[in-house]
Visitor: 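My questions all concern the structure below.
This structure is a prediction, so every number in the text was calculated from the model and none was measured. Numbered from 1 within each chain, the chains take letters A, B, ... in sequence-line order.
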2 protein chains.
Amino acid sequence: MATKRPSSAIEDYLRAIYGLVERGVEVSNATLAKRLRVSPSSVSGMVAKLADLGLVTHVPYHGVELTEPGRRAACDVLRRHRLIELYLVEELGYTWDEVHVEADVLEHAVSDSLIERISAKLGDPTRDPHGDPIPAADGSVEQPPTHLLRDLEPGASGEVARVWDTNPEILRYLAHNGITLGARIEVLERQPFGGPLVVRVGERTHSLGNEVTAVLLIRVPTSQ
Amino acid sequence: MATKRPSSAIEDYLRAIYGLVERGVEVSNATLAKRLRVSPSSVSGMVAKLADLGLVTHVPYHGVELTEPGRRAACDVLRRHRLIELYLVEELGYTWDEVHVEADVLEHAVSDSLIERISAKLGDPTRDPHGDPIPAADGSVEQPPTHLLRDLEPGASGEVARVWDTNPEILRYLAHNGITLGARIEVLERQPFGGPLVVRVGERTHSLGNEVTAVLLIRVPTSQ
DNA sequence: ATAGTGTTTTCGGCATGCCGAAAATTCGAG
DNA sequence: CTCGAATTTTCGGCATGCCGAAAACACTAT
Ligand SMILES: [Mn+2]
Ligand SMILES: [Mn+2]
Ligand SMILES: [Mn+2]
Ligand SMILES: [Mn+2]
């Protein structure tokens with residue numbers, strides 16, 4: 001039989017760990033606690049449990065890492081999460097800033113058979129509304145090579161391939177300014193001392209602050 | 001602000017109590033325990049809690065009854081449950097025997113805004129796939145007057161208005177024999193000593209056992 | 001009235017997951 | 001090397017919901 005699904009708390013931890021790694025953020029007790037809006041002592045407790053279950057390796061006072069079973073379980077949740085996000089946008093008229101919260105709950109409630117029907121109805125898509133890759137049913141994921149907008153130099157250009165979906169306000173700000181998936185974006189200049197990045201999108205130019213440029217992933221055509 | 005939603009355990013108890021009353025089954029500790037697949041001692045504990053919360057009245061060693069707030073909360077879950085069942089059938093190709101289990105989980109996970117989008121997409125329907133009335137968003141329900149097939153006498157006829165959805169096997173059996181919502185059904189004869197009821201549906205006649213006739217609700221045209 | 005039977009409640013216990021306070025550990029600055 | 005700040009862990013505790021065993025109760029038949 002298909003082995004039982006982890007509790008929703010466990011699934012949230014696994015997805016959080018996977019998400020931090022995906023964004024290149026250090027997976028510390030503190031970053032996990034902040035991301036999950038939970039106290040550090042709760043994280044300690046759950047990490048010990050995950051290690052017991054063989055889903056992570058844990059070196060006390062140092063880091064946490066997903067094991068292969070842990071990575072697999074994380075991908076399972078992530079697949080559900082992202083398919084649900086896309087489904088809500090495609091079938092129920094949600095916008096990309098509204099779907100994350102809803103999917104964070106539903107990801108634990110949909111059965112395997114329901115999620116496969118959803119996937120089929122959507123044509124087995126590979127990207128969610130934020131450009132995030134949707135893990136396949138077999139647990140494989142393809143991470144598209146992109147660059148953080150923050151790291152691009154003036155003169156560089158490309159198209160918006162992905163947006164980190166944590167902050168709905170930023171997502172609304174972006175959409176409001178025509179900065180959506182697939183938009184062509186060109187870096188015009190970078191103001192010093194942590195100042196904004198001036199970019200052109202279509203006809204318009206925008207000065208984007210650090211919080212925004214740290215959230216936009218750009219596909220640059222001829223990047224070595 | 002909209003007051004917080006009860007836990008899923010509480011919602012399941014409320015829906016179970018409502019469902020027993022709806023079917024005219026005595027709401028006892030035992031019937032509740034059986035329906036919820038939980039021990040009698042668990043029911044005692046939860047009923048005390050529901051009484052504390054003002055959702056039921058409880059006379060120890062006697063019955064449980066929903067208060068008005070309790071009835072209202074039950075209708076809220078029931079609305080979600082039935083809209084989800086219908087949505088799964090209409091939009092995702094589920095059959096009427098598959099939806100109950102799925103809805104039992106999802107009913108606790110969908111937000112109010114999602115359920116209203118679902119309702120809108122379905123055209124604000126008033127019946128679920130089993131013919132059960134869908135409570136309105138304001139908590140009102142219309143219970144259509146029907147008769148249990150078991151109680152009809154030979155010669156009576158009507159159409160299938162509603163099917164109690166607890167047992168998927170019976171639902172499959174019915175569908176397989178063309179006994180679906182709206183089907184015209186006529187009672188031909190009743191075998192004595194708890195024997196089957198012989199009915200005609202379309203061209204065919206069927207001998208239906210007690211478990212089946214106890215689950216079919218018939219709208220009889222000229223019933224006084 | 002009383003005994004017996006079946007139902008309901010009480011009680012102690014377990015599992016999960018959260019918290020704050022206090023102790024332990026790490027690591028950089030000096 | 002040692003001190004101190006920051007991070008992590010440990011500890012006791014709380015909330016929710018479940019269980020089985022035993023006690024309390026109600027109801028029926030005698
Ligand atoms: Mn979640
Ligand atoms: Mn996403
Ligand atoms: Mn339920
Ligand atoms: Mn139903």
Visitor: Taking the basic N atoms (NZ, or NE/NH1/NH2) and the acidic carboxylate oxygens, is any pair closer than 4.0 Å for A:R162 and A:D132?
Guide: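 So A:R162 pairs with A:D132 through a salt bridge.
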
Visitor: What does A:V38 touch in the nucleic acid at a heavy-atom separation under 4.0 angstrom: a base, only the sugar-phosphate, or nothing?
Guide: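 A:V38: backbone/sugar contact only, no base atoms under 4.0 Å.
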
Visitor: Rounding to an integer number of Å, can you tell me how far B:M46 CE sits from C:dT8 P?
Guide: 17 Å

Visitor: Is any side-chain N or O of B:Y61 closer than 4.0 Å to OP1 or OP2 of D:dA23?
Guide: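 No, because none of the side-chain N or O atoms of B:Y61 sits under 4.0 Å from OP1 or OP2 of D:dA23.
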
Visitor: Expressed as a whole number of angstroms, how long is the span from B:L32:CG to C:dT7:P?
Guide: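 Rounding to the nearest Å, CG of B:L32 and P of C:dT7 are 14 Å apart.
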
Visitor: Starting the side chain at C-beta, find the nucleotide from C:dT9, D:dT8, C:dG17 nearest to A:N29.
Guide: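 Taking heavy atoms from C-beta onward, the closest nucleotide is D:dT8.
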
Visitor: Knowing that exactly one of A:V187, A:L197, A:T213 qualifies, which makes a side chain to side chain contact (heavy atoms under 4.5 Å, CB included) with A:L152?
Guide: A:V187

Visitor: Parallel, tilted or perpendicular: which describes the rings of A:H130 and A:W96, with under 30° parallel and over 60° perpendicular?
Guide: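 It falls in the parallel class, under 30°.
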
Visitor: It should be established whether B:H58 places a side-chain nitrogen or oxygen under 4.0 Å from OP1 or OP2 of nucleotide C:dT9.
Guide: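 Yes.
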
Visitor: Decide, yes or no, whether a salt bridge links A:R79 with A:E107 under the criterion of side-chain N to carboxylate O below 4.0 Å.
Guide: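 No salt bridge links A:R79 with A:E107.
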
Visitor: Taking the side chain of A:A9 as heavy atoms from C-beta outward, which of D:dT8, C:dT9, C:dC18 is closest to it?
Guide: C:dC18

Visitor: According to a strict under-4.0 Å criterion, is B:S42 in side-chain N/O contact with OP1 or OP2 of D:dC18?
Guide: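 Checking B:S42 against D:dC18: no side-chain N or O falls below 4.0 Å of OP1 or OP2.
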
Visitor: Taking only side-chain N and O atoms of A:S39, does any of them lie within less than 4.0 angstrom of OP1 or OP2 on C:dC19?
Guide: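 Checking A:S39 against C:dC19: at least one side-chain N or O falls below 4.0 Å of OP1 or OP2.
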
Visitor: Atom CD of B:E26 and atom P of C:dT7: how far apart are they, to the nearest Å?
Guide: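 Between P of C:dT7 and CD of B:E26: 10 Å.
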
Visitor: Do A:R80 and A:E116 meet the salt-bridge criterion of a basic N to acidic O distance under 4.0 Å?
Guide: no

Visitor: I want to confirm an ordering. Mapping A:I10 and A:P60 to their closest nucleotides on DNA chain C, which one lands closer to the 5' end?
Guide: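 Closest to the 5' end, via its nearest nucleotide, is A:I10.
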
Visitor: Looking only at side-chain N and O atoms, does B:H62 come under 4.0 Å of OP1 or OP2 in C:dT9?
Guide: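 The answer is no; no side-chain N or O of B:H62 sits under 4.0 Å from OP1 or OP2.
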
Visitor: Tell me: NE2 of A:H108 to P of C:dG17, nearest whole Å?
Guide: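 Whole-Å distance recorded here is 11 Å.
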
Visitor: In whole Å, what is the span from the CG atom of A:D52 to the C1' atom of D:dT9?
Guide: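 In whole Å, D:dT9 C1' and A:D52 CG are 15 Å from each other.
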
Visitor: Between D:dT10 atom P and A:K49 atom NZ, what is the distance in whole Å?
Guide: 16 Å

Visitor: Please give, in whole Å, the distance from C:dT16 P to A:L50 CG?
Guide: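 My rounded result for the distance is 12 Å.
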
Visitor: OP1 or OP2 of D:dG17 versus the side-chain N and O atoms of B:S7: is any pair under 4.0 Å?
Guide: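 B:S7 to D:dG17 OP1/OP2: side-chain N or O found under 4.0 Å.
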
